[in-house]
Asker: 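The structure is given below, and queries will be raised subsequently.
Just so it is clear: chains get the letters A, B, ... in the order the sequence lines come, proteins before strands, and each one is counted from 1.
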Amino acid sequence: MNQRPEKSIYPELNINQLQQIEADILKFWKDKAIFQKSLDSKEPDNRFNFYEGPPSANGMPGIHHVVGRTYKDLFCRYKSLQGFAVPRKGGWDTHGLPIELQVEKKLQITKEDIGKKISIEDYNQACKETVLEFQHVWESLTEQMGYWLDLENPYITYKNEYIESVWHIVKEIANKNLIYRGYTIQPYSPAAGTGLSTHELNQPGAYKEVSDTTAVACFEILEIDKVNAAFGISIEKAFFLAWTTTPWTLPANTALALGPEINYSIVKSLNPYTKEVQHYILATDLIEQWFDAKHLLEKDKNLEEKEYLVLAQTKGKQLSQIAYHQLMPFEANAPQKINGACFHTILGQFVTTTDGTGIVHIAPSFGADDRKVANENGIGELKLVDLSGKFIDGLDWLSGRYVKDYKDEQDYKAPDIDIVISLKTQGKAFNVKKYIHSYPHCWRTDKPIIYYPLDAWFIRTSQIKSQLINNNHKINWYPESTGSGRFGQWLENIQDWNFSRSRFWGIPIPIWIDESQENFMTIGSISELKALIEESLSSNLLNETEKQDNRKFLDKLHSADIDLHKPYIDWVTLVQGDKKYKRVSDVLDVWFDSGAMPYAQHHYPFSMDDANLQKFFPADFIAEGVDQTRGWFYTLHVLSTILFDTPAYKNVISNGLLLDSQGEKMSKRKGNVVDPFKAIETYGADSLRWYIVSNSAPWENIKFDLKGVEETKRKFFGTLVNTYSFFTLYANLDQFIYEENEFKPTHELDRWILSKLNSLILEVASHLDDYDSFKAIRAIQNYLDRHLSNWYVRLSRRRFWKNYETQDKIDAYQTLYLNLVTLSQIMSPFAPFLSDWLYINLTKSHHQVAKRNTNYTLESVHLSNYPKANLDLIDLELEKTVDMAQNICSLGLSLRKKEKIKVRQPLNKILIPILKEEDEALIRKIEALVKAELNIKTIDIVPPNSGLFQKKAKPKFKELGKILGKDMGKAQEIIQAWTTEEISKIETMSEFDLDVNGKTYRIHSAQIEILTDDMPGFTVARDQGITIALDLTLDQSLIEEGIARELVNRIQNFRKEAQFEVTDRINITLDTIGNTEFDKAIETYRTYIMEEVLADNLSMTALPKDSESIDINDIYINWKIFKI
RNA sequence: AGUCUCAUAGCUCAGUUGGUUAGAGCGCUACACUGAUAAUGUAGAGGUCGGCGGUUCAAAUCCGCCUGAGACUACCA
């Protein structure tokens, strides 16, 4: 062995250094602008476009953000390695409700205070300051986790350029006549005077258990003939029964809905309040809900109280379009006030018989479902409650009363009560009772909400449904099911997109509407706005204030501090023709902001023309959480379909969610959140990333457990560090430097691991091309752990120990080096830090000797090219053979274990029976390996027909199943019962007849699988078709060799404990205390022992009794060992 | 309520187009190995593949229903 050199070529590496390495590499990337170089070094038109879904930086990032970003970074780095330029512009989502709510909380105000206690200007300023409050934290996480993203020039959605692009898009959509004004039924809080988002409704505690008055109302039928016809009866008067938990909506009733396939009965009974005999229609299944079955009569008679009779039954579809009398007619809800048909029955699939009467009271302005079914049937609607929650004028005794107690009035009486009393006295109520149910409440006022029609702007997405679906088919979804299922289903049932929000902090909708509320115009750019303002100023339609405001805005436009947000934009009043246009005060849905990102991030079309945009559009790849399906994924898709009729992205991963180790969603409330910074600090970003990716496929949920990260670090990175350390230990001693051009491996192990390596290169690439990072990373793990470390290195160790330069040793170095460098490249998308460290430190030495610029002389692994598989080096036959060797060794070791014979004790031979002559050559190839690994002298191969072992046969089910069909089971029994002789006979034939259940089948021998079984007289082990037997007899020479090996082992342990250097030489004195067997063993193996332990002298002398002693197979000897 | 996903060892997960001993890692137990050593090997215990039914010669795998977990959307008259 060479002397330890002064300088190491390859620095040492320890598992505890990983965090320091990450910090060093980060600094290196920054100092040398490696990210920028990775973009610049590629052919600019060979682009792989990635879109970053903008996070909002108004809060701390969580560990789940690391998950999505790991996948984003992984595939971008991989594509970069493959030679693509992968621009990755960062972005920040800056608008939206969560931010507004956060600011309201911070300022301790509510929405109503905005514009009163605080000016919109100040409010929006506060939002702007809040929204990027945590930007530096996000940037620091991005950096620390190794997510390469252009943070220098991010797109920010509140910037004027961004807003202008969005305006352009809104105008484009308007130009296609896809924008209209309408209203939506939204949760509305009369107490707070504001609409609520579903998000607010989902606040904990928003749903409360309340006790409400419910009523079953009786709607008297007008067209009784139709009822008689449908039931085949003849009566004069009948009622539909409909149940409601909100009697106050009954004046607004305009229709009744029945289920087409539901059975309805007509029941004769007394009205419980008026005691009149009447006929009622309700769902058959629900009769017993309202009538006591024990009072059911078989035959008609004079009805007593509670008694009832079922006259006839029919399907709901027979009862459609039947007119009824209005339940509660007033002036304000007279038919002429209704903008459509009214007071007849309609059919709705949503009607169920789970509760109520199977007939649903429809008040279209107070329920989304109601409105939908009403629209479909041309039913009109009534808005009988104003925005403060009061009944409007024209409703007699109801007018002016609050629907619910919004004001905490002293003597408040719910209109519900008066309504049901009124119905009772008129014989229009069948049942009235209290009912406890959960109902949404306003989280600010604690008052019940109502569903109320509010003005809103829509994009006619339903009109472009087929385009949307068609374009969705062009997208590769990972997993596929999200695209066809969740997203596809959503598109199939698409509703028009309500893209307006009556909030303040958002992109102002660039729409101006005239006083009639019928005409509107859309502004698509700042210059257009400017021109129109100037034009409007010359019109005499504007009053002085309006002109002043316009001028004020114009001044702002000309100055540098122009801000397109509210309130400034609301100053603008426009004139066109003879009409004055005021701006719609709403802002855009934030999802519109992010969906516009492909265009707005480039300030398209103002700073980038169409031709250039096409270079960055559509995205080749995006990745976000599955919860974005109806968020970002959707709005990207809608906008690109409208603008260019193409998808906005070609490949999309919808990654799963991050749950805690119990499978529960992480939330601050539960206190089960994991701090990403802490995780990175403790285990390193590489370990964290590796854990995430190797845990499951990207689209599966992850049950996150820090213990798993630790295990990853220990298992994978520990093994990697060990393998590298092994290499450097000897490579430094021998001053090894890789020579790339002259390498022709000859050693079986070298050829094998290189074959494995090249197979790995192909396998990883093919999985990553499928966006299956999980399979890719598992392949890498398997290769490193099972093949490179635990087989190649373990078996090759002796080759590195050799004392002199041989071709074999150089080959071993070359092979291991090649594996390590290639591995650093393959794993670089997954573990960008350590892989770069490895690459840099392994290739540094190579830079000087390299004759040209190659894949191994680059500044960083991330600038290198994905290794090209050398197909010539892939030898599947060899890979299979080594698999067999591993198998044999494992079997051999298990036999030794069973027989309690240490591996250090050499044994004479093992026996391996083979079924085909050609297998012998295979085994001979790996003979040396197996012999060394199992510490045996020879391998005896037992030829097929030696009669020494038994055979077993098994049908090949896949092939024979088709032929034998039902007889398969019986055939299996027959075949497995065959004796060794019968099997041997079958083997000589290519085909034979098999009788099963009286039928004869012609079967090929190849359709039978033959296995080796027992070897009588030997202890055998069997697995995967291989059987081995171990010869356990020990002779004197084997025992002596065993002693020598034990001694070497003890001396090596001593050297280690005494912390001798690997190269230190020693002197040994031994005293066997008269044990002649030991004396003889040591004499025989003297040279072997001295070589193994680097001893210059080995003397056998008596030592003092109190000398250090050592135990070998329960025999004690004394020794003395010196370092020279 | 609708749409979708998931359910395999104590834990985290594999299991290709259905094919006969259902695998790996962790953890546990025992033994071994050890000049890569906070590493490693071998072995053991641990599974009616969520339940029921169906298709098939053959089901963890395909189909139906149910149960449980989760996501999104909507909302209960």
Side-chain angles (χ1 to χ4, degrees), chain A residues 15-16 198 201 214 242-246 249 256-257 350-352 354-363 367-370 437-440 451 479 481-482 484-490 492-493 495 625-631 656-657 659 661 663-665 694-696 699-703 705 707-708 711 714-715 718-719 721-727 729-730 774-775 778 781-782 785 789-790 793-794 797 800-801 889-890 893-898 900 902-904 954-962 964-972 1049 1052-1053 1055-1056 1060 1062 1092-1094:
Chain A
I15 187 80
N16 296 319
T198 46
L201 235 47
T214 68
W243 183 60
T244 179
T245 54
T246 52
T249 62
L256 292 171
F350 68 95
V351 180
T352 64
T354 50
D355 51 18
T357 61
I359 300 177
V360 179
H361 142 63
I362 301 291
D369 254 358
D370 289 19
H437 63 148
S438 83
Y439 193 83
Y451 288 89
S481 62
T482 300
S484 56
R486 187 178 285 207
F487 197 66
Q489 293 285 344
W490 169 255
E492 289 292 343
N493 300 309
Q495 304 289 316
V626 67
D627 49 340
Q628 294 293 330
T629 311
R630 282 147 193 186
L657 297 157
L659 310 170
S661 52
E664 299 218 28
K665 206 178 170 178
S694 62
N695 186 278
S696 54
W699 39 85
E700 305 277 6
N701 292 346
I702 295 182
K703 285 187 199 161
D705 194 350
K707 277 190 284 187
E711 183 190 324
R714 212 180 55 233
K715 286 284 298 169
T719 307
V721 165
N722 273 336
T723 309
Y724 170 82
S725 300
F726 174 84
F727 170 79
L729 180 63
Y730 298 104
F774 173 70
K775 283 190 177 153
R778 291 253 166 147
Q781 278 180 185
N782 194 37
D785 184 50
S789 170
N790 277 316
V793 171
R794 201 158 56 86
R797 279 179 298 190
F800 293 91
W801 298 343
C889 290
S890 152
L893 290 170
S894 81
L895 277 178
R896 274 181 172 276
K897 150 96 183 160
K898 192 150 69 177
K900 294 193 164 51
K902 290 181 175 182
V903 179
R904 262 198 299 270
K954 209 169 84 179
K956 288 186 182 167
F957 288 93
K958 212 166 178 172
E959 295 173 28
L960 284 180
K962 285 177 202 140
L964 293 170
K966 283 193 206 294
D967 293 327
M968 189 68 227
K970 183 75 188 158
Q972 179 186 3
N1049 166 251
Q1052 299 287 35
N1053 284 351
R1055 286 182 60 114
K1056 193 147 177 220
F1060 291 1
V1062 187
E1092 286 291 309
V1093 302
L1094 301 187

Asker: Under 4.0 Å, heavy atoms only, any strand: does A/Val1093 hit a base, just the sugar-phosphate, or nothing?
Answerer: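 Answer is base: heavy atoms of A/Val1093 come under 4.0 Å of a base.
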
Asker: For the C1' atoms, the ones on B/C49 and on B/U21, what distance do you get once it is rounded to whole angstrom?
Answerer: 15 Å

Asker: Under 4.0 Å between any heavy atoms, over every strand shown, what does A/Lys970 touch: base, sugar-phosphate, or nothing? Just pick one.
Answerer: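 No contact.
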
Asker: Does A/Asn695 have a side-chain nitrogen or oxygen under 4.0 Å from the phosphate oxygens OP1 or OP2 of B/C13?
Answerer: yes

Asker: Using a cut-off of 4.0 Å on non-hydrogen atoms, how would the nucleic acid contact of A/Lys954 be classed: base, sugar-phosphate, or nothing?
Answerer: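 Result for A/Lys954 = sugar-phosphate.
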
Asker: Any idea which heavy atoms bring A/Pro479 and A/Trp699 closest together, and the distance?
Answerer: CD-CB, 3.1 Å

Asker: Surrounding NZ of A/Lys966 (heavy atoms of other residues, nucleotides or ligands, distance under 6.0 Å), is the total greater than 12?
Answerer: no

Asker: Check RNA chain B for consecutive Watson-Crick or G-U pairs with both distances under 3.5 Å and list the runs of at least three as stems.
Answerer: B:1-7 with B:67-73, B:10-13 with B:23-26, B:28-32 with B:40-44, B:50-54 with B:62-66

Asker: Just how far, in rounded Å, is C1' of B/U42 from CZ of A/Arg794?
Answerer: 11 Å

Asker: Please classify the nucleic acid contact of A/Arg778 as base, sugar-phosphate, or nothing, using heavy-atom distances under 4.0 Å.
Answerer: sugar-phosphate

Asker: So what does A/Ser725 hit on the nucleic acid, given a heavy-atom distance under 4.0 Å: a base, only sugar-phosphate, or nothing?
Answerer: nothing

Asker: Tell me: CG of A/Asn1049 to C1' of B/U40, nearest whole Å?
Answerer: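 For the pair A/Asn1049 CG and B/U40 C1', the rounded distance is 15 Å.
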
Asker: Just call it for A/Glu711: base, sugar-phosphate, or nothing, with non-hydrogen atoms closer than 4.0 Å on any strand.
Answerer: sugar-phosphate

Asker: Working to the nearest 0.5 angstrom, can you tell me the gap between A/Phe726 CZ and A/Arg797 CZ?
Answerer: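 If I round to the nearest 0.5 Å, the distance is 7.0 Å.
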
Asker: By the 4.0 Å heavy-atom rule, please label A/Trp490 as base, sugar-phosphate, or nothing.
Answerer: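 Touches sugar-phosphate only.
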
Asker: For the residue pair A/His361 and A/Thr249, what are the closest heavy atoms and their distance?
Answerer: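 Closest approach of A/His361 to A/Thr249, heavy atoms only: NE2-OG1, 2.8 Å.
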
Asker: Given atom NZ of A/Lys775 and atom C1' of B/C13, what is their separation to the nearest angstrom?
Answerer: 13 Å

Asker: For B/A14 and B/G25, measure between their P atoms and round to the nearest Å.
Answerer: 16 Å

Asker: Have a look at A/Thr719 and tell me which of A/Ile15, A/Asp785, A/Asn790 forms a side chain to side chain contact (heavy atoms under 4.5 Å, CB included) with it.
Answerer: A/Asp785

Asker: For a quick check of understanding: with a heavy-atom distance under 4.0 Å over all strands, which category does A/Phe774 fall into, base, sugar-phosphate or nothing?
Answerer: sugar-phosphate

Asker: Mind checking the C1' distance from B/A9 to B/A45? Whole angstroms is fine.
Answerer: 11 Å

Asker: Remember a base hit wins even if backbone is also touched, and classify A/Asn782 as base, sugar-phosphate or nothing at under 4.0 Å, heavy atoms.
Answerer: nothing

Asker: Mind calculating the distance between CG (A/Asn722) and P (B/A38) to the nearest angstrom?
Answerer: 8 Å

Asker: Could you pick out which residue, A/Glu959 or A/Glu1092, lies toward the 5' side of RNA chain B when each is mapped onto its nearest nucleotide?
Answerer: A/Glu959

Asker: Nearest whole angstrom, please: distance from the P of B/U20 to the CG of A/Leu960.
Answerer: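 Result: 13 Å.
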
Asker: Tell me the interatomic distance from A/Gln781, atom CD, to B/A24, atom C1', rounded to whole angstroms.
Answerer: 11 Å

Asker: Taking atom P in both B/G27 and B/G41, compute the distance separating them and give it to the nearest angstrom.
Answerer: 12 Å

Asker: Quick check: does any side chain N or O of A/Gln1052 sit under 3.5 Å from a backbone N or O of A/Glu1092, one acting as donor and the other as acceptor?
Answerer: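 At least one qualifying donor-acceptor pair exists.
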
Asker: How long is the line joining CH2 of A/Trp699 and C1' of B/U5, in whole Å?
Answerer: 13 Å

Asker: Please give the distance between the P atoms of B/G18 and B/G64 as a whole number of Å.
Answerer: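 After rounding to an integer number of Å, I get 16 Å for this pair.
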
Asker: When rounded to the nearest Å, what value does the distance between P atoms of B/A7 and B/G51 take?
Answerer: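 The same atom, P, in both gives a distance of 13 Å.
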
Asker: Donor-acceptor pair, A/Arg778 side chain versus A/Ser694 backbone, under 3.5 Å?
Answerer: yes

Asker: Using the P atom on both, measure B/C28 against B/A39 and round to a whole Å.
Answerer: 12 Å

Asker: Could you work out the separation of B/C66 and B/C4 based on their P atoms and round it to a whole Å?
Answerer: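 Going atom to atom, P in each nucleotide, I get 14 Å.
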
Asker: When all nucleic acid strands are considered with a 4.0 Å heavy-atom cut-off, which category describes A/Lys956: base, sugar-phosphate, or nothing?
Answerer: nothing

Asker: Within the 4.0 Å limit for protein heavy atoms, which parts of nucleotides 53-58 of chain B are touched? Write it as a string from 5' to 3', B for base, S for sugar-phosphate only, - for none.
Answerer: ----B-

Asker: On RNA chain B, check which nucleotide each of A/Thr723 and A/Asn790 is closest to and give me the residue with the more 5' one.
Answerer: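 Result: A/Thr723.
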
Asker: Dump every N/O contact between nucleotides 7-9 of chain B and the protein below 3.5 Å, one line per pair.
Answerer:
none

Asker: Which part of the nucleic acid, if any, lies within contact of A/Arg714, taking any heavy atom under 4.0 Å across all strands shown: a base, the sugar-phosphate backbone alone, or nothing?
Answerer: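 Counting heavy atoms under 4.0 Å across all strands, the contact made by A/Arg714 is with sugar-phosphate only.
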
Asker: I want to verify a distance call: between B/G27, B/G70, B/U17, whose nearest atom is closest to the A/Asn701 side chain?
Answerer: B/G70

Asker: Rounded off to whole Å, could you give me the CD1-to-C1' distance for the A/Ile702 and B/C6 pair?
Answerer: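 Atom CD1 in A/Ile702 sits about 15 Å away from atom C1' in B/C6.
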
Asker: Give A/Ser789 one of three labels, base, sugar-phosphate or nothing, depending on what nucleic acid heavy atoms sit under 4.0 Å from its own.
Answerer: base

Asker: Rounded to the nearest 0.5 Å, how far does CD of A/Gln972 lie from CG of A/Leu960?
Answerer: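 These two atoms lie 10.5 Å from each other.
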
Asker: Would you say A/Lys707 places a side-chain N or O within less than 4.0 Å of OP1 or OP2 belonging to B/C11?
Answerer: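 For A/Lys707, the contact criterion (side-chain N or O under 4.0 Å from OP1 or OP2 of B/C11) is not met.
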
Asker: Please report the closest heavy-atom contact between A/Thr357 and A/Ala242, naming both atoms and the distance.
Answerer: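 That closest heavy-atom pairing would be OG1-CA, 3.5 Å.
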
